[in-house]
Amino acid sequence: MALQLKKILISDEVDQKCVDILRENGLEVVKDTSLAGDKGKLIAEIQKYDGLIVRSATKVTSDVIKAAISLKIIGRAGTGVDNIDCDAATKQGIVVMNTPGGNTISAAELTCTMILAMSRHVCQGTLSLRDGRWERKKLLGNEVSGKTLAIVGLGRIGEKVAERMQCFGMRTIGYDPIIPGEVSAKFGVEWISLEDLWPQADYITVHTPLIPQTKDLLNDDVFSKCKKGVRIINCARGGIIDEDALLRALRSGQCGGAGLDVFAQEPPTNMELIQHPLVTCTPHLGANTNEAQCRVAEDIALQFVDAMKGRSLFGA
Ligand code: NAD
Ligand code: MLT
């Protein structure tokens, strides 16, 4: 089935490559990023378009979808489709697509960066030097070699993190309800149940979507089952780790450090967590590289062209 597409709206900062590919294929493209933060204007404008491309700033809620009387397709230049009401879109017969592989390497590399940076207090060292302090004794770190990294979610990013951290000498264990042990063994991850995983881990990194089953997956009860001083990394989605429980664990020493790229609310409101000296954090930068942004822009544009030519419908 070919989708009849003529006019496409891009309402977020998506690489120019996306605009170029769509135009080369005969589509009329309007890029207006001011619409991302102005729901009223977006609702007024959206009825003129057959296609919408967003990143994460535009919230494609049910009222936006209701107003989108001509819309046939919504594309997300990224992995998660959390900012799109997929149920409302489906009810209205609108296709929703994402570009799941385009930022895998970037998100995996940031995760590895967090693991290494927190082990060697890279951010704390930078901040204290800037303040004129020379704190070598206080910033004693640890090697990751020989430590156990537990990976919860063994999909695209989990696998790449495992391969990379194995090069640093880490033992990798993991859990995923869909990926069986025979498959994870091929990329060097020993599949283990969650109950057995918590007490073995020196580091825990989560790479799942945020769904009811993963909301607050790491909570007070889980922290109590972990080794004292366990390090936690979340470069997936805010909400997978209960932030209040994490703060309690950091204060008690049960958690020895956290690397956070994503937050339950973005920008984060829990400033005590952000300001905790054992927290290394970034403002949702997992996919924020030139390479990933070029890839997802190109991927979503080509997926729109394929849908228009009746070649394939790919994504969410
Ligand atoms: P993926 O779909 O390839 O892998 C996710 C895995 O999680 C799947 O294998 C799935 O079976 C598993 N899973 C689902 N429920 C689970 C549970 N209860 N326990 C354990 N595992 C479970 O996705 P991906 O591309 O690897 O992305 C992982 C996460 O990273 C997503 O939430 C995505 O939105 C996020 N992400 C963040 C950034 C960023 O900028 N920080 C960038 C890219 C992706
Ligand atoms: C994603 O889901 O692709 C990431 O969180 C990155 C982004 O929001 O751009």
Side-chain angles (χ1 to χ4, degrees), residues 11-15 18 33 36 53-60 75-84 86 96-114 150-164 173-181 183-184 187 189 191-198 201 204-219 222 233-241 259-264 266-268 280-297 299-300 315-316:
S11 58
D12 279 340
E13 249 341 309
V14 177
D15 192 272
C18 180
T33 53
I53 293 181
V54 299
R55 220 180 127 194
S56 41
T58 306
K59 308 297 171 214
V60 194
R76 165 126 209 281
T79 305
V81 284
D82 327 47
N83 55 321
I84 301 168
C86 293
V96 179
M97 285 182 169
N98 61 348
T99 57
N103 55 30
T104 300
I105 299 293
S106 290
E109 286 183 359
L110 182 67
T111 306
C112 301
T113 303
M114 290 284 193
I151 304 170
V152 181
L154 298 170
R156 283 175 290 260
I157 299 171
E159 175 180 342
K160 296 289 173 225
V161 169
E163 288 169 354
R164 280 152 183 72
I173 60 175
Y175 167 79
D176 192 300
I178 308 261
I179 311 281
V183 173
S184 72
F187 51 90
V189 174
W191 193 102
I192 223 163
S193 74
L194 282 181
E195 283 306 302
D196 292 334
L197 174 145
W198 306 129
I204 300 171
T205 182
V206 294
H207 297 288
T208 70
L210 177 67
I211 48 177
Q213 297 89 321
T214 60
K215 169 106 180 64
D216 294 336
L217 186 67
L218 269 73
N219 50 38
V222 165
I233 301 96
N234 186 1
C235 291
R237 277 291 177 270
I240 298 172
I241 296 170
L260 306 173
D261 183 48
V262 289
F263 305 89
E266 295 184 359
T280 300
C281 50
T282 43
H284 204 142
L285 297 185
N288 227 37
T289 61
N290 286 322
E291 294 82 356
Q293 286 313 308
C294 259
R295 250 181 251 125
V296 294
D299 287 353
I300 199 65

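Whatever order the structure lists ligands and atoms in, that order sets their numbers, starting from 1.
- Checked by distance only, ligand 1 and Thr79 stay at 3.5 Å or farther apart across all their nitrogen or oxygen atoms.
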Requested in this report: Could you walk me through whether Thr58 and Arg76 pass side-chain contact (heavy atoms from CB on, under 4.5 Å), step by step?
Outcome: CA-CA 10 Å; Thr58 306; Arg76 165 126 209 281; over 6 Å; no

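- Ligand 2 places these atoms under 4.0 Å from at least one heavy atom of Asn103: 1 (C), 3 (O).
- In this structure, atom 18 (N) of ligand 1 lies nearest to the protein heavy atom Thr214 CG2, 3.5 Å.
- Closest heavy-atom approach to atom 28 (C) of ligand 1 among the candidates Gln213, Glu159, His207: His207.
- Regarding atom 22 (C) of ligand 1, its nearest protein heavy-atom neighbour is Pro177 CD, 3.3 Å.
- No side-chain donor from either of Asn103 and Ser106 sits under 3.5 Å from a side-chain acceptor of the other.
- Ligand 2 has no N or O atom lying under 3.5 Å from any N or O atom of Gln293, backbone or side chain.
- Near Gly78, the atoms of ligand 2 lying under 4.0 angstrom from a non-hydrogen atom of the residue are 3 (O).
- Annotation: atom 8 (O) of ligand 2 to nearest protein heavy atom, Arg76 NH2, 2.6 Å.
- Atoms of ligand 1 lying under 4.0 Å from at least one heavy atom of Cys235, given by number and element, are 37 (C), 38 (C), 39 (C), 41 (N).
- The parts of Ala236 lying near ligand 1 are both backbone and side chain, judged by heavy-atom distances below 4.0 Å.
- Summary of contacts: the protein heavy atom closest to atom 8 (C) of ligand 1 is Asp176 OD2, 3.4 Å.
- Ranking the protein heavy atoms by distance from atom 3 (O) of ligand 1 puts Arg156 N, 2.9 Å first.
- For atom 31 (C) of ligand 1, the closest heavy atom belonging to the protein is Thr208 O, 3.6 Å.
- Tested against Asn234, the residues Val206, Leu218, Asp261 include a single side chain to side chain contact (heavy atoms under 4.5 Å, CB included) partner, Val206.
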Requested in this report: May I have the step-by-step check of side-chain contact (heavy atoms from CB on, under 4.5 Å) for Leu210 and Lys215, ending in yes or no?
Outcome: CA-CA 6 Å; Leu210 177 67; Lys215 169 106 180 64; 4.3 Å; yes

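- What sits closest to atom 3 (O) of ligand 2 on the protein, heavy atoms only, is Thr79 N, 2.5 Å.
- Closest protein heavy atom to atom 14 (C) of ligand 1: Pro209 CD, 3.8 Å.
- Closest to atom 27 (O) of ligand 1 among all protein heavy atoms lies Ile157 CD1, 3.4 Å.
- When only interatomic distances are considered, the shortest N/O to N/O separation between Ala287 and ligand 2 does not fall below 3.5 Å.
- Between Ala287 and ligand 1, an N or O atom pair is found at a separation short of 3.5 Å.
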